[in-house]
2 protein chains.
Amino acid sequence: MNHKSGANCPKRNDSPVIYGHGSRAMDDHNTPVSPPSGRRPTLSQVAAAAGVSEITASRALRGGGLVAKATADRVQAAARDLNYVPNRLAGTLAGGSSRQVGVILPSLSNSVFADVLNGLEDRLEDAGYQPVLGISNYDPAREQRLIENLLSWRPAGIVIAPADMTEASRALLVRADLPVVEIMDVDAAPTDMAVGISHHSAGRAMAHYLLGRGYRRFAYLGHAIDSDLRALARLDGFRGALGEAGQTLAQCLTLAGSSSVKLGREGLARLLAEAGQPPDLVYFSNDDMAVGGVFHCMAAGISVPGDLALAGFNGLEIGQALPVPLTSIASNRAAIGIEAARHLIERFTGGTPEKISDVGFRLIPGKTA
Amino acid sequence: MNHKSGANCPKRNDSPVIYGHGSRAMDDHNTPVSPPSGRRPTLSQVAAAAGVSEITASRALRGGGLVAKATADRVQAAARDLNYVPNRLAGTLAGGSSRQVGVILPSLSNSVFADVLNGLEDRLEDAGYQPVLGISNYDPAREQRLIENLLSWRPAGIVIAPADMTEASRALLVRADLPVVEIMDVDAAPTDMAVGISHHSAGRAMAHYLLGRGYRRFAYLGHAIDSDLRALARLDGFRGALGEAGQTLAQCLTLAGSSSVKLGREGLARLLAEAGQPPDLVYFSNDDMAVGGVFHCMAAGISVPGDLALAGFNGLEIGQALPVPLTSIASNRAAIGIEAARHLIERFTGGTPEKISDVGFRLIPGKTA
DNA sequence: GCATTCAATGACAGCGCTGTCAATAGGGGC
DNA sequence: GCCCCTATTGACAGCGCTGTCATTGAATGC
C-alpha cells in the first residue's frame with residue numbers, strides 16, 4: 001500500500017547542522033554508566049539474587065520447563081534487574097554447540113552475494129544463529145586464512161561460496177567435521193553439501209534460447225574471468241551449446257577488473273571497435289556488464305535489439321527496470337541463501353538434507369535479444 | 001591492464017551437466033575423514049607432542065618471543081602435525097579480549113550498506129578481527145534483539161548503522177562498556193563514536209546547487225521514509241534550504257516499500273500523472289530511485305534535463321555509467337567502513353580516536369540537473 | 001501405610017585456554 | 001666463590017557456563 005502526502009511529507013525538528021568534512025575532538029568522553037560491581041553480572045550473581053543454584057538459574061534462563069514456573073519467573077526477574085547478558089563463549093565452551101555460522105564470500109561489491117547473504121542472515125537469525133563473515137576477494141590464500149580463522153571460533157557450520165579452494169582449505173573443512181554448504185554452484189562434487197544452480201547449464205540454456213531466436217554471430221564480453229569460476233562455467237556451457245549447433249563464438253573479450261556497469265559499457269565500445277564484422281549478439285558475463293552494454297548502445301545510438309542484441313545473467317532488478325528489459329537468466333540468489341540456511345539448520349537438528357540442492361534458474365526473455 | 005583473446009577465451013574441460021531444478025539424495029554420505037582420537041586436538045595434546053607444558057605451547061603459538069626459538073619451532077611443528085586449530089572461545093574466555101566485532105546494518109539489499117560492510121570487513125580482517133553480522137531490516141525491535149545476541153558473544157566492539165534505536169538498545173550498548181561506532185550519520189550525538197556524513201547537510205547542499213542552477217518548481221520522490229531516518233534527514237535539509245531561499249517543495253510523494261529502481265520508475269510516472277503543473281526538478285531519496293526516474297524518462301520520451309531535471313543521492317556507480325550521468329552526491333561509503341574499522345582498532349590498541357568523524361560528501365554535478 | 005515414581009533442585013567436574021606467580025638454570029660482576 | 005639478574009619454563013587457578021549424576025520431597029498405587 002502506498003501513502004502519499006501532498007506538499008507535506010514527514011518533517012522533523014531542525015537538527016544540528018554540520019557542514020562538510022572534519023571531526024570533533026573526543027573531549028567530553030562521558031564515563032560509562034554504572035560499572036556496577038566492577039564486572040558484568042554473571043549467572044552466579046543472578047542465581048544468588050534469585051536464591052537458587054547456578055544450574056537452576058541456567059535452566060530457568062534457557063527455558064525448557066525443567067524448572068518450576070515460580071522459580072523460573074524469579075530467576076528471569078533477577079536477570080532483568082541485573083541487566084544480565086549471558087556469555088555464550090562460556091556456554092558454548094561448556095555445553096558444546098555454538099550458534100555461530102561461518103560465512104565466506106568472494107566479494108560484496110557484487111550485489112549477487114549481498115542478496116545471498118541477506119537471505120542467509122534472515123533465516124539464520126530466525127533460527128537463533130549468527131553469521132560470522134569473511135570476504136575472500138577471490139583470493140584462495142585469503143580464503144584459506146579465513147577458513148582457519150572462522151574455524152577457531154568453533155562455528156556450528158560453514159557456508160562458503162568458493163573462490164578457488166586450495167587443497168589445504170578443503171582439508172581444513174573436512175577435518176573440521178561440521179556441516180559445510182558450498183553455495184552458488186552445483187556443478188562440482190561438494191565436500192559436504194552444495195546449494196546453487198548449474199552455471200554450466202545456465203550458459204547452455206541461454207545459448208539455446210538465442211539460437212532459437214535466430215542469432216548467429218555471437219560475441220562474449222566478460223570481466224576478470226579467471227578468478228570467477230562461475231562466469232567461466234557459464235561461458236563454457238554457452239560455447240559448448242553453440243558448438244553442438246555448429247556455431248562458434250565469433251568474438252570474445254575479457255577485461256581485467258571486477259564486473260561493473262562501467263566496465264560493461266566501456267568494454268562493449270571496445271569490442272565493437274575491434275570487431276571486423278560486427279556481432280549480432282553480445283553475451284555478457286553478467287547483468288552488471290550487460291546493463292553497461294545497454295547504456296553504451298543508448299549513448300551510441302545503437303538500436304537494441306535491432307542493430308545489436310544483448311544478453312546477461314542474474315536477472316538483476318536493474319536490468320528488468322531498464323526501458324528495454326534485459327534478456328537474462330534469473331539466478332535465484334535469495335533462494336540460495338535461504339536454502340543454504342535450511343540445509344544447515346536441518347543438519348543442526350539431526351536431519352539429513354539432500355547433498356546437492358539445485359534451486360534452478362529461469363530464463364527471462366526480456367526485450368534485448 | 002586488460003588482456004583480450006580473440007576467439008579463444010579461457011576454456012575448461014567439460015564438466016558434468018545438470019539441467020534445471022532438483023536435488024540428489026544424500027546417499028553416499030562419506031564418513032568424516034579421521035576423527036583422530038575422537039575429538040579435535042587441544043593445546044595440551046600439542047604440548048605433550050612437543051614435550052613442553054601447556055602454557056609454554058600457548059606462548060609459543062601466540063608468538064611474542066617469550067619462548068626459546070628451538071622450543072617454539074618444536075611446538076609449531078607439533079601443532080602442524082596434529083592439525084591443531086586453536087579454540088578462541090576458550091582463549092577469549094580465559095584471556096579476555098575477543099577478536100570479534102558485532103556489525104548491525106538495517107539492510108543488505110541496498111548496495112550502500114554492502115559497500116560499507118566491504119570496507120569494514122577488509123580492514124577488520126587485516127587487523128585480525130572478524131565481523132559478526134546482523135541485519136535489522138529497519139526494525140527497532142529486531143535491532144535490539146540483535147544487539148543482545150551480539151553482546152552475548154562478548155565482541156571487542158560494535159559497529160551499528162542505527163535504524164531507530166530504542167532506549168533499551170542504547171542502554172544495552174552503554175552498559176556493555178565497549179567501543180561502539182555508529183555509522184552513516186553524524187547529525188546526532190552518538191553514544192560513543194560516530195562515523196559518517198551529515199545527511200542533513202547533504203540535503204541542503206543539493207538544494208543550494210539546484211537553486212543555483214535556476215530550478216524553481218521542486219518535487220520530491222522517496223521510498224518508505226519513516227523508517228529510513230537518513231533519507232528523512234536529507235529531505236529535511238533540502239526543504240530547509242529551499243525555505244531559506246523563499247522556495248517550497250511543490251510536490252512530495254513517498255511510496256511504501258524499500259528503495260529500488262523499479263519503485264523510482266513507477267513512482268515518477270505516478271508523480272507526474274498526479275502533478276498539476278509539472279515540476280522542473282525531482283529530487284529522489286537516493287540514486288536507486290533516481291535511476292528508475294531516468295529510465296521512466298527514457299521510456300516516456302521525456303528529455304532530461306530539458307523537460308525535467310533529476311537528482312539523487314549516493315553517487316552510485318550505476319548512476320554515473322548512465323548515458324546521461326546522474327546529478328548526485330557521493331556518500332563515501334567505503335570510506336565510512338574503513339574509517340569505522342580504524343576507530344575501533346585504534347580504540348582496541350589503547351588510542352582515543354575522535355568522537356565524531358565526518359568523512360564528507362561530494363556533489364557530483366552530472367548531467368541530469 | 002509403604003514402596004515407587006516423578007518433578008524440582010543441587011553438587012561437581014570440566015570445556016580449552018591464559019594470567020599470575022613461582023621455580024629453575026645459566027651468566028656475569030665483584 | 002658467591003650473589004644477583006635474566007631467560008626460560010612450569011604449576012595453579014579460574015574465565016562463565018552446562019552435562020551428568022545425585023538428592024530431596026511429594027504424589028501415586030496397591
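- Residue B/Tyr84 places none of its side-chain N or O atoms closer than 4.0 Å to OP1 or OP2 of C/dG16.
- A distance of 8.0 Å separates CG of B/Leu120 from CG of B/Leu105, quoted to the nearest 0.5 Å.
- Side-chain polar atoms of A/Arg40 and A/Asn87 form no donor-acceptor pair below 3.5 angstrom.
- Between the side chains of A/Thr166 and A/Gln144, at least one donor N or O sits under 3.5 Å from an acceptor N or O.
- Proximity of B/Ser58 to the phosphate of C/dC17: no side-chain N or O atom is located under 4.0 Å from OP1 or OP2.
- At distances below 3.5 Å, at least one donor-acceptor pair connects side-chain atoms of B/Thr349 with backbone N or O atoms of B/Ile345.
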Go through B/Gln130 and B/Leu124 one step at a time and tell me if the side chain to side chain contact (heavy atoms under 4.5 Å, CB included) criterion holds. CA-CA 6 Å; B/Gln130 225 77 54; B/Leu124 287 181; over 6 Å; no
Extract from the structure each pairing of a protein N or O with an N or O of nucleotides 19-22 of chain C at less than 3.5 Å, listing the distance.
from	atom 1	to	atom 2	distance (Å)
C/dG19	OP2	B/Arg62	NH1	3.0

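- Among the protein residues, A/Leu66 comes within range of the nucleic acid bases, having at least one heavy atom under 4.0 Å from a base atom.
- Salt bridge present: A/Arg342 and A/Glu339 bring a charged side-chain N and a carboxylate O closer than 4.0 Å.
- With the nearest nucleotide of DNA chain D identified for both B/Glu54 and A/Asn87, B/Glu54 has the one nearer the 5' end.
- For the helix from C/dG1-D/dC30 to C/dC30-D/dG1, the rotation axes defined at the first and last 5 base pairs enclose an angle of 40°, given to the nearest 10°.
- For the atom pair A/Leu108 CG and A/Leu117 CG, the distance stands at 6.5 Å (nearest 0.5 Å).
- Looking only at atom types and distance, the side chain of B/Arg99 has no donor-acceptor partner in the side chain of A/Asn149 under 3.5 Å away.
- Within residues 67-79 of chain A, the residues approached by DNA chain C to less than 4.0 Å at the level of any non-hydrogen atom are A/Val67, A/Ala68, A/Thr71, in residue-number order.
- Here the OH atom belonging to B/Tyr138 is positioned 5.5 Å from the OG atom belonging to B/Ser107, to the nearest 0.5 angstrom.
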